[in-house]
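As structure tokens, the structure follows; a few thoughts come after it.
Heads up: numbering here begins at 1 and tracks the sequence. Atom set for the values below is all heavy atoms of this structure, side chains included, hydrogens, waters and symmetry mates excluded.
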Amino acid sequence: MRITFLCPPAEKLNGGIKYIFRMAEALQADGFSAVVAEQNQRHPEWFVSAAKLIGYDALVPRNDEVLVLPEDQPELLRTLASWPQRKIVYCQNHFYAAIGALGSRTYADFGVSAILCGSVTIQRYCAERHAGIPVYLVPCAIDTALFKPAPAKTPEIALIPRKRPIEAIYLQDTFRHRSPQWQHVAWSPLDNLPESALAERLGQAAVFLALSRLDGFGLTPLEAMAAGCVVTGFTDFGGQEYATPQNGFWAAEDDFPACLQALDEALKLWQAGDDPLAAYRANTHATVAHYTPEAFAAAARAAWTSILYA
């Protein structure tokens, strides 16, 4: 039984695309027959993947295949509903999932028989919105061999402003006005970087300002923790799964005064160094330890064993 993950064009930097490839790789390593159907039959250039590929033109109705569909592609769901393959949704963002499900009773209307969920937040949403369809939690993973601190940190605030571009400008301008003592600290936007370059830049940065917005999980703050950054900013909804007062200086959603204060506190901790910073990093390491590639692979194995053989 071939497991085929349908994937949008992989040149787009998107965490959901990366995890389609990562799950296919994990299943291949466990002996499952798994491939990624990428529209152009091309591997992504912004991260390394050994997943087997086919093109969309190789997709035909067949009985010996399971199709894994993104949550936000309603045309795919409708087009493939009549095909004989089993259909599974890999839901990595519950907000985007509404695009695929809009107007339907549940995903079952499209022949979907199970849902893979990338976070606890997504799992809870899918269990309610698509009641009656089995849901499986396959949490994301942090590659600590890639995301790790540089030998020396530099005085900079790393951020990815893609989802909050106006807020990022506002926070930078207001922070420089209110906190002139940090004028020497650079602001370093990290949008649109390949995975290896992102890991390198996070490894160098002292602080990471999380600007998550409508995320299903919020992967980059965890990658920043693994890279030794002091993390601050907004948890968004997905980040509430792992955010604690011990692993970050968090602000409530859209509370910009609190975010500015949290950023100041994060920089003070980094500047203090030694024991306070070591204690903080022990807490972040404990958080990241819940999201290992091994745990991801084990969860994928358990989910697919149940889907295929239960």
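- No hydrogens or angles considered: a donor-acceptor pair under 3.5 Å links the side chains of S49 and E25.
- Under a 3.5 Å cut-off, the side chain of E156 and the backbone N or O of S188 do not form any donor-acceptor pair.
- Remark: the backbone N or O of C7 is paired with a side-chain donor or acceptor of Y56 at under 3.5 angstrom.
- For the ring-ring contact (aromatic ring centres under 6.0 Å, His included) test, no residue two or more places apart in sequence or in another chain qualifies with F110.
- L269 contributes atom CG, which lies 4.5 Å from atom CZ of F249 (distance to the nearest 0.5 angstrom).
- Checked against side chain to side chain donor-acceptor pair (under 3.5 Å), E241 has the following partners two or more places apart in sequence or in another chain: Y291.
- Note that OG1 of T106 is 7.5 Å distant from CD1 of I115, once rounded to the nearest 0.5 Å.
- With hydrogens and angles disregarded, no donor-acceptor distance shorter than 3.5 Å links the side chain of K148 to the backbone of A227.
- Take F296 and apply the ring-ring contact (aromatic ring centres under 6.0 Å, His included) test, not counting sequence neighbours, and it matches Y19.
- From S119, atom OG reaches atom OH of Y242 across 10.0 Å, with rounding to the nearest 0.5 Å.
- With hydrogens and angles ignored, the 3.5 Å screen pairs a side-chain donor or acceptor of E38 with a backbone N or O of N40.
- Considering only residues two or more places apart in sequence or on other chains, R213 meets the salt bridge (Lys or Arg N to Asp or Glu O under 4.0 Å) condition with E253, D254.
- Under a 3.5 Å cut-off, the side chain of W182 and the backbone N or O of R176 do not form any donor-acceptor pair.
- Taken from CG in N93 to CG in D215, the straight-line distance is 6.5 Å, to the nearest 0.5 Å.
- The structure places NE2 of H290 at 10.5 Å from CG of L222, a figure rounded to the nearest 0.5 Å.
- Remark: Y170 engages F256 in a ring-ring contact (aromatic ring centres under 6.0 Å, His included) (not counting sequence neighbours).
- Looking only at distances, a side-chain donor or acceptor of D143 sits under 3.5 Å from a matching main-chain atom of A145.
- With sequence neighbours excluded, no residue forms a salt bridge (Lys or Arg N to Asp or Glu O under 4.0 Å) with E128.
- Residues satisfying the side chain to side chain donor-acceptor pair (under 3.5 Å) test with T287, not counting sequence neighbours, are N247.
- Chaining together hydrophobic side chains whose heavy atoms lie under 4.5 Å apart places L137 alongside V120.
- Formation of a donor-acceptor pair under 3.5 Å by the Q73 side chain with backbone atoms of I99 is not found in this model.
- Put simply, the side chain of S104 reaches to within 4.5 Å of the side chain of R129, judged on heavy atoms.
- In this structure, the salt bridge (Lys or Arg N to Asp or Glu O under 4.0 Å) partners of D264, at least two apart in sequence or on a different chain, are K268.
- Rounded to the nearest 0.5 Å, atoms CG (L159) and CG (L171) are 9.0 Å apart.
- Using a 4.5 Å heavy-atom threshold, the side chains of Y107 and K87 count as separate.
- Here D30 pairs with R301 under the salt bridge (Lys or Arg N to Asp or Glu O under 4.0 Å) rule; sequence neighbours left out.
- Under the ring-ring contact (aromatic ring centres under 6.0 Å, His included) criterion, Y125 pairs with H94, sequence neighbours left out.
- For E195, the side chain to side chain donor-acceptor pair (under 3.5 Å) partners are K18, R22, not counting sequence neighbours.
- One hydrophobic cluster, built from ILVMFWY side chains closer than 4.5 Å, holds both I88 and M1.
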